2 protein chains.
Amino acid sequence: MKLSDGVEWAIHCVMLLGALPQTATLSGKALAEFHGIPESYLLKHLKRLVASEILESVPGPRGGYRLARPPKEITLLDIVQAVNGKRPAFRCTEIRRRGPCGLDDSAYPRCCGINRAMMRAEVAYRDALAEETMKGITDEFIASADPRIIPLGQGWLADNMRSPKS
Amino acid sequence: MKLSDGVEWAIHCVMLLGALPQTATLSGKALAEFHGIPESYLLKHLKRLVASEILESVPGPRGGYRLARPPKEITLLDIVQAVNGKRPAFRCTEIRRRGPCGLDDSAYPRCCGINRAMMRAEVAYRDALAEETMKGITDEFIASADPRIIPLGQGWLADNMRSPKS
DNA sequence: TATTTATAGATAAAATATATCCATGATAAA
DNA sequence: TTTATCATGGATATATTTTATCTATAAATA
């Protein structure tokens with residue numbers, strides 16, 4: 001069981017975009033350069049974040065990406081599900097119906113108990129992810145970051161951010 | 001993010017083995033036939049369950065597999081970790097150090113905050129899996145199974161189980 | 001209006017992970 | 001010694017993830 005690398009990239013991108021002033025944007029190219037990751041694959045994930053209404057995209061020159069809502073209202077669950085999909089990690093294949101002791105459909109009115117138990121654990125995982133907001137994570141980052149990092153990042157942002165007309 | 005099919009197979013096998021009397025065993029072939037799944041691949045997972053001391057194996061004719069401890073002391077976490085490994089689903093690749101604003105190692109004494117947040121959620125998942133015992137799941141199964149299933153399974157078990165010497 | 005720079009979408013190649021099968025060796029019972 | 005079983009490793013196939021490329025479309029600018 002492994003989460004896509006894109007999840008890590010997406011969370012870092014959302015955190016960086018949260019440091020921009022209101023309507024400013026960063027291009028996909030700039031986001032990829034800042035994190036030292038391939039632009040071609042990152043764009044695929046940014047697209048999904050836009051589709052899930054976590055980011056907004058602004059086309060054309062001076063365009064790019066920005067948050068669609070404040071960091072307080074974006075959780076890790078939102079991002080994980082946008083990038084990784086909403087299908088559960090455990091997928092019941094109904095093996096209880098197979099083999100010599102399998103019966104017809106009428107014998108299985110309820111969902112398999114093993115599936116239900118696995119789902120209970122996945123609900124706990126999703127609940128925990130929903131508790132983690134980007135605001136909380138960003139505050140923790142700022143509080144414990146090396147003192148050199150913040151001004152360095154602010155300088156880079158000033159050089160690379162754009163302010164579209166609308 | 002997807003759990004291996006082997007996890008589902010392993011849980012069903014452990015539940016079935018829990019229905020055997022004390023020292024009796026079922027062969028890998030019998031376990032595969034009962035669940036209608038490929039024997040060759042199932043054996044790979046059974047081996048891991050043995051290595052994790054969830055099952056015991058008995059070689060030779062009349063040999064097979066049986067539980068290494070009572071169902072009350074086997075949790076879904078034990079089985080998931082035996083089959084799927086213990087590595088976390090989220091693997092931090094330290095992209096915070098890359099790109100134009102990356103600094104030397106001294107700037108990162110602590111684990112990445114994003115990684116810590118993801119790990120908090122995974123701990124919640126593992127805790128929930130550790131709450132689910134095979135005894136609990138089996139009791140729930142027996143209580144809500146179609147009345148035809150139990151005698152059918154008992155008959156099949158009587159035909160297929162073995163009692164090794166030791 | 002034409003040009004430039006950006007995102008959106010589709011496609012495909014490469015790398016990795018998962019699933020399946022098969023052949024061989026070791027162990028213990030008959 | 002023969003037989004039925006588990007243990008191991010390798011060969012093959014399928015699925016998923018990662019990366020790259022191409023075309024289309026939208027918006028700002030000259």
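From a predicted model like this one, the values you see are computed outputs, not experimental measurements. In the text below, chain A, chain B and the rest are named by the order of the sequence lines, each starting its count at 1.
- When the P atom of dA7(D) is taken as reference, atom CD of Glu39(B) falls 12 Å away, rounded to whole Å.
- Residue-level contact check: Arg162(A) touches the backbone only, with heavy atoms under 4.0 Å from sugar-phosphate atoms and none from bases.
- Remark: Tyr41(B) is not in phosphate contact with dT20(C), judged by side-chain N or O atoms under 4.0 Å from OP1 or OP2.
- When atom types are taken as modelled, the side chain of Arg48(B) and the backbone of Val83(B) share a donor-acceptor pair closer than 3.5 angstrom.
- For Arg116(B) and Glu140(A), the salt-bridge test passes: some basic side-chain N is under 4.0 Å from an acidic carboxylate O.
- Nearest nucleotide to the side chain of Tyr65(A), out of dT7(C), dC21(C), dA27(D): dT7(C).
- Distance CZ (Arg87(B)) to P (dA17(C)): 8 Å, rounded to an integer number of Å.
- Salt-bridge formation is detected for the pair Arg148(A)/Asp104(B): a Lys NZ or Arg NE/NH1/NH2 atom is positioned less than 4.0 Å from an Asp or Glu carboxylate oxygen.
- If you measure from atom CG of Asn84(A) to atom P of dT17(D), you get 7 Å, rounded to the nearest angstrom.
- Comparing atom distances between the Lys47(B) side chain and each of dT19(D), dA7(D), dA27(D) picks out dA7(D) as nearest.
- Counting non-hydrogen atoms under 4.0 angstrom, Gly6(B) reaches nothing in the nucleic acid.
- OP1 or OP2 of dA6(C) has not a single side-chain nitrogen or oxygen of Ser57(A) nearer than 4.0 Å.
- Between Arg66(B) and Glu56(B) a salt bridge is recorded (basic side-chain N to carboxylate O distance below 4.0 Å).
- In terms of phosphate contacts, Arg62(A) brings a side-chain nitrogen or oxygen within less than 4.0 Å of OP1 or OP2 of dT29(D).
- Counting distance only, with no hydrogens placed and no angle test, the side-chain atoms of Lys44(B) and the base atoms of dG10(D) include a donor-acceptor pair under 3.5 Å.
- Place Pro61(A) and Pro38(A) on DNA chain D by their nearest nucleotides, and Pro38(A) ends up nearer the 5' end.
- Scanning atom types as modelled, no donor and acceptor separated by under 3.5 angstrom connect the side chain of Lys2(A) and the base of dT17(D).
- Atom CD of Glu56(B) is separated from atom P of dC6(D) by 14 Å (rounded to the nearest Å).
- Atom CZ in Arg48(B) sits about 14 Å away from atom P in dA7(D), given to the nearest Å.
- Between the side chains of Asn160(B) and Trp156(B), at least one donor N or O lies within less than 3.5 Å of an accepting N or O.
- Taking atom CG of residue Leu46(A) and atom P of nucleotide dG9(C), one finds them 13 Å apart after rounding to whole Å.
- Counting non-hydrogen atoms under 4.0 angstrom, Ser40(A) reaches a base of the nucleic acid.
- If you measure from atom CG of Leu26(A) to atom C1' of dT7(C), you get 14 Å, rounded to the nearest angstrom.
- Atom NE2 in His45(A) sits roughly 10 Å away from atom C1' in dT19(D) (whole-Å rounding).
- At dA4(D), none of the side-chain N or O atoms of Ser27(B) fall inside 4.0 Å of OP1 or OP2 (strictly under the cut-off).
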